[in-house]
Amino acid sequence: MRPRHLAGDDDELADRVAGTLMEAGWTTWTTARSTLLHLSPRGLAGAEWVRGSHEFLLGELPVAWHISARTHASNAVMEWNAYFTTGTPPEAIGDFLLAVEARTDPAVNYASGDAVLDALCVLGWARDLDTPHSRVWDPSMSAGFAWAELPELVRDGDPRPDLYGWQAWAEPVIGEPYQWTAAFSASVPHDLVAAFATSLASPVPVLRRTPPENADGRLFVTPAP
């Protein structure tokens, strides 16, 4: 099924991402809040399945994965956070997490914001005519990626107010509910966000059993071999 960014999660977002992390050697345990926390092999990144543990919404959708990173394993303070709601393609979240773990220092920013925009444009997305340096759209204008002011509940290691960060979303039908949303706090390195964006916009089909209803007419379905 393609495009990937409209293919949904098949209601298996927890299991598919967790499977990717298990294969990569992440450890898992249940927290005091009865959520599942996955810790990277070097202890610098965490991915917590928080669906149902609180009512943090993005675009009126419940946040399902909360991902964070720190500079040292002994440091209790997280430098940045990223949030993904239900419906987000699990392949993109998995690739983002693998990119985080592959980085020697996942909390240090080396790239500019153009890394995100360029990654999407190479795969056929287009810069917004009015805000070309901060927003891009998929070819059908049903999904977007933008550098914008963040919702209040998106926390970051930088305590300053009114920070900007990357946000992404799918809205197959304008005016209808979002299919999924994602938010990256201000300090998330741009190249890591670009890894998520590259996977999200990949032309490679993904396996799904149940196409999202709100993407009807926008998906290309090929029977699995």
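Nearest approach of Asn81 to Val188, heavy atoms of both residues: O-CG2, 3.7 Å. Closest non-hydrogen pair, Arg42 versus Thr104, comes out as NH1-O, 3.1 Å.
The shortest distance between side-chain heavy atoms of Leu200 and Phe196 falls below 4.5 Å. The shortest distance between side-chain heavy atoms of Thr86 and Arg51 falls below 4.5 Å. The shortest side-chain heavy-atom distance between Trp26 and Leu97 falls under the 4.5 Å cut-off. Side-chain atoms of Pro189 and Val108, non-hydrogen and from C-beta on, never get closer than 4.5 Å to each other. Side-chain contact between Phe84 and Phe96 is present, with heavy atoms from C-beta onward closer than 4.5 Å.
A donor atom on one side chain and an acceptor atom on the other are not found under 3.5 Å apart for Asn214 and Glu176.
Val204 pairs by the side chain to side chain contact (heavy atoms under 4.5 Å, CB included) definition with Arg4, Ser202, not counting sequence neighbours. Take Ser187 and apply the side chain to side chain contact (heavy atoms under 4.5 Å, CB included) test, not counting sequence neighbours, and it matches Trp80, Asp156, Asp158. Partners of Gln167 under the side-chain hydrogen bond (donor to acceptor under 3.5 Å, both in side chains) rule, at least two apart in sequence or in another chain, do not exist in this structure. Partners of Thr35 according to the side-chain hydrogen bond (donor to acceptor under 3.5 Å, both in side chains) rule, which considers only residues two or more places apart in sequence or in another chain, are Thr31, Glu48. Judged as a side-chain hydrogen bond (donor to acceptor under 3.5 Å, both in side chains), and not counting sequence neighbours, the contacts of Ser40 are Glu101. Contacts of Ala143 classified as side chain to side chain contact (heavy atoms under 4.5 Å, CB included), with partners at least two apart in sequence or in another chain: His5, Trp125, Asp138, Ala170. Take Asp11 and apply the side chain to side chain contact (heavy atoms under 4.5 Å, CB included) test, not counting sequence neighbours, and it matches Asp9.
Annotation for Tyr110: atom OH counts as buried by contact number, over 12 foreign heavy atoms lying within 6.0 Å.
Under a 4.5 Å side-chain heavy-atom cut-off, the cluster of Ile, Leu, Val, Met, Phe, Trp and Tyr residues that includes Val221 is completed by Met1, Leu6, Leu219. As a member of the Ile/Leu/Val/Met/Phe/Trp/Tyr network built from side-chain separations under 4.5 Å, Ile174 groups with nothing else and remains a singleton. Within the hydrophobic cluster formed by Ile, Leu, Val, Met, Phe, Trp and Tyr side chains joined at under 4.5 Å, directly or through other members, Leu153 is accompanied by Val50, Phe56, Leu58, Val63, Tyr83, Leu150, Val154. Other residues sharing the hydrophobic cluster of Trp137, ordered by chain and number and joined by side-chain separations under 4.5 Å: Leu61, Met141, Trp169, Tyr178.
Panel note: side chain Ser199, backbone Asp95; no donor-acceptor pair is recorded below 3.5 Å. Between the Glu171 side chain and the Gly175 main chain, a donor and an acceptor come within less than 3.5 Å of each other. Formation of a donor-acceptor pair under 3.5 Å by the Arg70 side chain with backbone atoms of Asn75 is found in this model. In this structure a side-chain-to-backbone donor-acceptor pair under 3.5 Å is present from Arg218 to Pro172. Side chain of Arg208 to main chain of Thr210: no donor-acceptor pair is present (N/O by atom type, distance under 3.5 Å, no hydrogens or angles).
Residue pairs that meet the ring-ring contact (aromatic ring centres under 6.0 Å, His included) test with at least one member in residues 28-47, sequence neighbours left out, are His38-Trp65.
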